[in-house]
Each structure stands twice: as C-alpha cells, then as structure tokens.
Number of protein chains: 2
Amino acid sequence: MSPSVTPHTEQDPKISRTHDARILDDLAQLIADEHIKPGDKLPPERTLTARLGVGRSTIREALTRWEALGMVERRQGSGTYLITPIEPTSPHVPIALKVEAESLIRTIEVRKVLECEAIALAAVNRTEKQMDEIRNCWQTLKDAHEKFGPSHDEDVEFHSAIMRASGNPLFNQIVNQLQEAMRVVYTRKPLGNEHIGDTSFPLHYDLLLALEAKDPDAARETIKDIIEITENEVREFLK
Amino acid sequence: MSPSVTPHTEQDPKISRTHDARILDDLAQLIADEHIKPGDKLPPERTLTARLGVGRSTIREALTRWEALGMVERRQGSGTYLITPIEPTSPHVPIALKVEAESLIRTIEVRKVLECEAIALAAVNRTEKQMDEIRNCWQTLKDAHEKFGPSHDEDVEFHSAIMRASGNPLFNQIVNQLQEAMRVVYTRKPLGNEHIGDTSFPLHYDLLLALEAKDPDAARETIKDIIEITENEVREFLK
DNA sequence: TAAACCCAAATGGTCAGACCAATTTTAATG
DNA sequence: CATTAAAATTGGTCTGACCATTTGGGTTTA
C-alpha cells in the first residue's frame, strides 16, 4: 500500500450538525435500549465508537461531560458505570439541553443551602437601615413585576439586598457568583416558558414580612419554598 | 495483609492523585497567574498543551469538564472563554487579602452550611468506589496524623473526597475555594497553636462510619461538630 | 484442595499528528 | 473606503498507537 498520505475518502455528509448533541442523544438512546440501570457497566469506549459511528475522542468528550455532572463514573481497567438514571428517548427535549438543565439544578441546590442559612441570619442580624434597603428593592421589584411581568434583574437585586443584611458578605458574594452562572445558562437556553419565577412572586412579600418580624424560621421556610419552585420548574422541564 | 511483596501490588506512594486533577489545578493556577477574568479568553488549546506539558487530549478533557459545569464556554474558531471566576490560589478571593481571623470566621460559617448539606448528600449518594477513595484518604490522614501530628493537606484531601461523593461537583468546587482562602490566612497568620484540628481528629473516624452506614443525619451532625471545633478555636484566638 | 502467584486480556487514560469546520484577521481589489 | 477573498487562528473530530490499572483465568505451591 502507499505509505502515508491517506486520501481520507469522502465522508458521509449526512450530518454536519453539531455531533456533540447527537452523540449525547445517541448515547442516551443506547442506554435506554440496553436497559442499562444505575450501577450497570456501559459498553467499553471502543465498542461505542463502533456502535455510534464516531471517533473515540468524541465518545470520551461526551462521557467526560457526564462524568463532570456525576452521571457516570469511570474506573480505569474496569469500565464506565452509570450512576444516575438516564431518561429514555425524551422525545422533544434534546439531551444537550438536559445537560444544561442538570447543571442548573446543581447550582440551585447549592444556592438553596446558602440562601436558607443567610436569610435566617439576616432575619436576626439585619439593621433598620438594611431593612429600608430591602423594602426599596421590594418596591422596585413589585413595580417592575406589575408593569413588565417577571423581571430577573430586580429579583436578583432584592435577594442580594437580603444577603447583604446577613452580616456575612461571603454569602452574598458566592450566591451572586452562582446567580451569574445561572443567568448565563438562562439567557443562552431559555427553558421553555419565560415566566420562571412568576409563581414565586407572591412569596417574596412573605419573605419581607418574615424579615420585618425578625423570624428566622419563617424566613428560611419561605426562601426554601421560593427556590424550590424554581427548582421544580427546571426539574419539570427535565421531565 | 503480610507484605507479600510483589513488584506491583505494594505501591502506595503519595500518588492516588489522578493526573487529571493535577491538570485542573495547573490550569487554574495558570488562569490565576495570567489574571484571566470572567469574559476573558483563555490561551488556545495548543498553547496550553505546550505550557502545561501534556497532550491536547488531556487539555480538552479538562476543558470539557469545566464546560459541563458552565465554567468556560467554547466557540469554535474563536476561542475558549472564562465564565465563572476560577477558584484556586485565589487572586480573586477578596477575603484573604485584607482580613484576619474575623474573615476566617465568616468563611467557616459558610463552609459549615455547605459541608453539612454536601455530606448528607454524600452519605446517600456515594458509590462504593468513592467510599474506597474516602477510606484511602482516611488512612493517609491517620498515618500522617500519627507520624507528624495534625496535617492540613491530608485533612483537606479527606474532606474533598467526601465532597466529591456528594454527586454535586459544585459543592466541592466552592468548598475548595473557601478552603484555599483559609489556607492563605492560616499560613500568613498562624493562629497560635499549630494543632488546630487536633481535637477534631477523632471525629473524622465517626464521619467515616456515618458514611459507611449511609446515615445522612449522623454525618451532618458529625461534620457540624468538627467544623464548630475549628470555629471555636478561631473564636478563642480572636478574643 | 485451597491459597498464592503470574500473566494475558480488557478497558480507561494519554499522546501525537493529521484533517475538518467555524471564526477572525489580513490582504487584495474595485 | 468599503467589499471581498484569502490566510491564519482555533476549537472539533478521527486514527492509531502506547501506557496504567483492573480483571480473570491458568499455574504453581503450601
């Protein structure tokens, strides 16, 4: 045979759309077809390469993605194991979007833990001045909501004012960081309906009352409800 | 358990530190050194290959991990962009620089909230493989403790292994960030006695047991005790 | 027989080099 | 100067090779 220089014959042009999303879909489909459950071993990468008709690099990138999200676990010399259940053939929702949403869920999970504690602290430690600030933010949020519907920015500012009143700036800093990460995902991939946060709006007033009353438990419960509404909306989207 | 001493079964030098983790650390370090902020472009993969002395595949796997977590964004033909602030040697950790033990308290406060929840998750979600890893870290911590006394690094690694088992990578990421901030404060201002964490050492074994037993409440309580011991030691120093 | 040992196969991890595809930059052109 | 075309840049994928660890089976040994 001719040495080196392989012509690399014409590739089947059927695809040309981002392989990435297709691979995640195909992988999920395959897992569903094979009835692979959490704890089971996935087919080896070299097999997947043949089965899905893509290079091993591509398979590995997809698996690395899932590994980062804790969906699979790799053991060198042993195999790749499924950790979380993979939903079968979700008809309308491409897996790529699901991965984004998965990431969102994890962010929300952390945010919930932090905000619950920070708000309980705020209910106890808040000064009157900080309370004024919170009331202002609430007014702004309320106006914006009544005029333009759910407004992300004002909502963030309201929460941020509360975090600041906790007495520990670190809470505000980290939650803001998470919030920013969520915003990026939101704006890039609007998850279905736009009114995420709409149903939770009334609860924000309860939050204000709990802070007025310096009731840490009520505040904690309320913010928990608020965040879980968002969480559930995303989970719902995940199907 | 006798030393059957075969060439390859006996290893246990300091490794266990997957190559992968090293790359993530190096990458984070590089980002810190270059003062790369969210929105900025990372060096191209081929440059990173040279800078970090590893193959491009390895670089890509690391970046794919971060992309899955929403930390970076890739644009073909353009570059890879930083989305969230990167954790490690904290150029961006605002607390460490200007604050003393006061800020340590705040950091610990946040850490407590996060770790309590993450460990409860870990107790439920951990896989057997992750449990093995935790056991190894425990052994290492125990050895180091008996030989050299309280050892910060091994302790951090032990906690990190637990965080990783929570199933939500974000916990580990943020706690590591806080941990790093604490380390900076520690080393710059050694808080009196070196044996911070000494009294809490026995509790770490209880932690291991709680995780073995998959008991989230016991795990949560134990870690709470552990962290509060540190917290009180710092408070004591503050007074 | 049962345990210990050894080795080959299986499997994930890394590397190198090439080529593809999208984007950005630069040069050429009118 | 604006437009367009070519070149350089950069992420995306493919192939094939080799390394490191784990697994399992066959062999030896107590």
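Just so it is clear: chains get the letters A, B, ... in the order the sequence lines come, proteins before strands, and each one is counted from 1. The basis for the numbers below is simple: all heavy atoms, side chains too, and nothing from hydrogens, waters or symmetry mates.
- Applying the ring-ring contact (aromatic ring centres under 6.0 Å, His included) rule to B:Tyr205 yields the partners B:Trp138; only residues at least two apart in sequence or on another chain are considered.
- Distance OH (A:Tyr81) to P (D:dT21): 17 Å, rounded to an integer number of Å.
- Counting heavy atoms from C-beta outward, B:Leu208 and B:Met131 have side chains that approach closer than 4.5 Å.
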B:Arg164 and B:Glu133: CA distance, side-chain angles, deciding distance, salt bridge (charged side-chain N to carboxylate O under 4.0 Å, His left out) verdict: CA-CA 10 Å; B:Arg164 285 197 296 271; B:Glu133 217 170 291; 3.0 Å; yes

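- Set against C:dA22, D:dT21, C:dT23, the side chain of B:Gln76 has C:dA22 as its closest nucleotide.
- B:Arg51 has its CZ atom 17 Å from the C1' atom of D:dT10, to the nearest Å.
- The residue among A:Ile59 and B:Ser78 whose nearest nucleotide of DNA chain D lies closer to the 5′ end is B:Ser78.
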Derivation and outcome, side chain to side chain contact (heavy atoms under 4.5 Å, CB included), residues B:Ile119 and B:Met163: CA-CA 7 Å; B:Ile119 251 172; B:Met163 293 297 105; 4.2 Å; yes

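- A close approach under 4.0 Å does not occur between any side-chain nitrogen or oxygen of A:Thr58 and OP1 or OP2 of D:dG12.
- Within the nucleic acid shown, A:Ser57 comes within 4.0 Å of at least one base atom, counting heavy atoms only.
- Atoms CD (A:Glu61) and P (D:dT15) sit 15 Å apart, rounded to a whole Å.
- Judged by distance alone, with hydrogens and angles left aside, A:Arg56 brings a side-chain donor or acceptor within reach of the base of C:dG13, the pair sitting under 3.5 Å.
- For the OP1/OP2 pair of D:dT21 and a distance below 4.0 Å, the side-chain nitrogens and oxygens of A:Arg75 include no atom meeting the criterion.
- Formation of a donor-acceptor pair under 3.5 Å by the A:Arg74 side chain with backbone atoms of A:Glu67 is not found in this model.
- Rounded to a whole Å, the CG atom of A:Leu63 is 13 Å from the P atom of D:dT13.
- For A:Ile23 and D:dG12, the CD1 to P distance is 14 Å, given to the nearest whole Å.
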Chi angles and distances behind the salt bridge (charged side-chain N to carboxylate O under 4.0 Å, His left out) call for B:Glu128, B:Arg135: CA-CA 10 Å; B:Glu128 201 43 52; B:Arg135 283 192 206 97; 3.3 Å; yes

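- Here the P atom of nucleotide D:dG16 and the CZ atom of A:Arg60 are 18 Å apart, to the nearest Å.
- Looking at heavy-atom distances under 4.0 Å, A:Gly55 makes contact with sugar-phosphate atoms alone, never a base.
- Atom pair A:Lys41:NZ and C:dT11:P shows a separation of 6 Å (rounding to whole Å applied).
- For the pair B:Lys224 and B:Glu115, the salt-bridge criterion is not met [side-chain N within less than 4.0 Å of a carboxylate O].
- In the region residues 42-49 of chain A, proximity to DNA chain C at under 4.0 angstrom, judged on heavy atoms, holds for A:Pro44, A:Glu45, A:Arg46.
- In this structure, B:Glu73 atom CD and C:dA22 atom P are separated by 17 Å, rounded to whole Å.
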